[in-house]
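I have placed the structure first, in the form of structure tokens, so that the comments after it can refer back to it.
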Amino acid sequence: MVTAFQVPITADKIKSKARELGADIVGIADGAAMNANPPDIEDPRRPSDITDHDAGRVIVIGQRVSLGATRIVDWSDRHKYVNDELTIASLEEIALDMVRWLERDGYPALIVPPTHVDPWRYDGDPSPHQKLPLSLDHAAVEAGLGTLGLNLQLLTPEFGPRVILTAVLSSVPVEADSRMEQPLCRGPECGRCLSTCPGDAVGLWKRDWVACDTYRQPHGFKQVTEFLGEVIDETDPETQKAMLRNEKSFHIWASILRGAGAVTGCRRCQDVCPVGEDYEFMLKDAMDHIPEDTEVKQQRLEQLRAEQSAGRRGPGYDAQKRWIGS
Ligand code: SF4
Ligand code: SF4
């Protein structure tokens with residue numbers, strides 16, 4: 001590349017631009033550090049797997065979700081899905097404007113959005129958890145924006161886990177941020193993400209992603225294929241027609257229309273997490289009580305607390321401690 005045409009740039013300038021465009025949080029991760037430390041060694045998804053040339057820095061940009069939607073307690077309320085999808089749309093514009101701005105000054109860039117799943121990796125079975133080409137939560141930790149929580153969600157000092165992320169890759173010659181060393185998560189002593197989870201997906205520093213996806217993407221690709229299969233298998237034409245007009249098909253149509261319910265869905269673990277400057281003043285009154293909590297969940301939390309107190313944090317922690325903190 002001809003660097004003579006590049007306008008001098010700094011990390012502060014990049015962050016100011018992102019904030020000017022509407023970002024609530026922004027940090028810069030070192031692509032080489034991310035290449036050397038993939039979150040899953042069995043299935044490494046590194047910046048260098050996306051581009052050979054332009055992943056020297058991973059600029060992680062986040063916007064907070066709306067607190068009014070957060071304060072709706074029912075995880076499956078469509079207002080929540082739609083509000084989050086609008087936040088994703090806003091992030092897409094910010095990321096695209098960042099790419100144009102960087103490229104105008106001589107730095108090629110590309111976006112890793114929060115909704116992109118690589119179809120080349122799909123093997124014909126919609127059941128397994130579909131991962132992004134790059135874990136944005138891990139990238140955010142590398143960019144100094146927060147640490148991972150009990151269920152491996154990103155927690156930030158400002159908004160706890162109530163953020164949606166995107167990333168811009170570019171080999172801009174600016175300083176990268178450092179990771180936080182202190183964990184923000186209060187661990188099983190808190191355990192509110194486990195108490196609220198409708199999918200019983202939260203463990204000790206791990207998440208059952210397949211169980212979570214049923215709620216996190218309630219009208220996603222798996223549900224669409226299941227529904228179409230049921231319609232095809234129905235032998236009575238009248239019942240078949242009625243199925244095309246039922247609530248399931250309505251949800252699928254609405255999800256395909258905007259992605260709400262397909263790429264957004266349950267986020268109760270984010271809603272009830274007490275980490276974040278926003279919680280005490282804007283959320284506590286509506287979120288303090290967790291109606292989904294049960295005796296069985298409390299017993300499981302007690303077990304996790306005992307494990308943690310005995311110094312047995314489990315393989316989930318060992319694999320993720322770089323991002324959870326210690
Ligand atoms: S998104 Fe919903 S289902 Fe998934 S871990 Fe959080 S609370 Fe549980
Ligand atoms: S709800 Fe509590 S345990 Fe769960 S991530 Fe937040 S601080 Fe950690």
Side-chain angles (χ1 to χ4, degrees), residues 65 69-70 72-77 80-81 84-85 114 129-132 136-138 140-141 145-165 180 182-220 222-223 260-280 283-284 286-294 296-298 300-305 307-309 313-314 316-317 320-321 323-326:
V65 292
T70 301
I72 297 173
V73 172
D74 177 5
W75 73 263
S76 65
D77 188 291
K80 289 173 85 100
Y81 304 169
D84 290 358
E85 196 283 321
H129 173 60
Q130 308 286 334
K131 291 196 223 167
L132 298 181
L136 296 175
D137 284 5
H138 288 84
V141 178
L145 293 176
T147 60
L148 299 190
L150 189 65
N151 66 348
L152 305 184
Q153 62 186 348
L154 174 76
L155 309 183
T156 66
E158 301 89 343
F159 311 108
R162 291 166 289 278
V163 289
I164 300 180
L165 303 168
M180 282 181 199
Q182 285 288 322
L184 293 170
C185 179
R186 303 172 192 182
E189 278 309 316
C190 161
R192 288 172 58 83
C193 48
L194 186 152
S195 297
T196 198
C197 181
D200 278 334
V202 182
L204 189 58
W205 308 110
K206 62 181 183 184
R207 184 185 318 198
D208 177 342
W209 284 101
V210 174
C212 171
D213 284 347
T214 307
Y215 299 85
R216 208 169 58 106
Q217 296 173 338
H219 310 295
K222 178 167 174 278
Q223 287 78 2
V263 294
T264 56
C266 176
R267 60 168 166 93
R268 279 291 286 162
C269 47
Q270 295 164 263
D271 301 348
V272 303
C273 178
V275 175
E277 288 160 12
D278 56 347
Y279 188 81
E280 199 66 23
L283 296 170
K284 192 174 177 8
M287 293 292 107
D288 219 21
H289 173 62
I290 299 179
E292 306 94 335
D293 204 2
T294 62
V296 176
K297 284 178 174 174
Q298 281 304 315
R300 214 167 60 246
L301 257 182
E302 277 309 321
Q303 283 169 4
L304 300 192
R305 285 173 191 144
E307 291 287 314
Q308 177 97 352
S309 308
R313 293 187 195 141
Y317 178 81
Q320 297 293 312
K321 66 181 168 203
W323 301 281
I324 293 167
S326 55

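Order of appearance sets the numbers: ligands from 1, and atoms from 1 within every ligand.
- Each of the atoms 1 (S), 3 (S), 4 (Fe), 5 (S) of ligand 1 lies under 4.0 Å from some heavy atom of Cys212.
- Arg313 is linked by a side chain to side chain donor-acceptor pair (under 3.5 Å) to Tyr317, counting only residues two or more places apart in sequence or in another chain.
- Counting atoms of ligand 1 from 1 in the listed order, those under 4.0 Å from a heavy atom of Tyr215 are 3 (S).
- With hydrogens and angles disregarded, a donor-acceptor distance shorter than 3.5 Å links the side chain of Arg305 to the backbone of Pro188.
- In this structure, a donor-acceptor pair under 3.5 Å is absent between the side chains of Asp137 and Gln153.
- Atom 1 (S) of ligand 1 has its closest protein heavy atom at Cys266 O, 3.3 Å.
- In Lys206, the NZ atom is not crowded: 12 or fewer heavy atoms of neighbouring residues, nucleotides or ligands sit closer than 6.0 Å.
- Counting heavy atoms closer than 4.0 Å to ligand 1, residue Gln270 contributes nothing at all.
- Ordered by chain and number, Cys193 SG make up the set of protein N, O or S atoms under 2.8 Å of atom 4 (Fe) of ligand 2.
- Residues that satisfy the ring pair (Phe, Tyr, Trp, His ring centres under 6.0 Å) test with Tyr279, not counting sequence neighbours, are absent from this structure.
- Counting atoms of ligand 1 from 1 in the listed order, those under 4.0 Å from a heavy atom of Cys197 are 3 (S), 5 (S), 7 (S), 8 (Fe).
- For the side chain to side chain donor-acceptor pair (under 3.5 Å) test, residues two or more places apart in sequence or in another chain that qualify with Asp271 are Lys80, Arg267.
- Under a 3.5 Å cut-off, the side chain of Arg192 and the backbone N or O of Val272 do form a donor-acceptor pair.
- None of Gln270, Lys297, Glu292 except one satisfies the side-chain hydrogen bond (donor to acceptor under 3.5 Å, both in side chains) rule with Thr196; the exception is Glu292.
- Each of the atoms 4 (Fe), 5 (S) of ligand 1 lies under 4.0 Å from some heavy atom of Arg207.
- The two residues Thr70 and Arg162 come nearest to each other via the heavy atoms CG2-CD, 4.0 Å.
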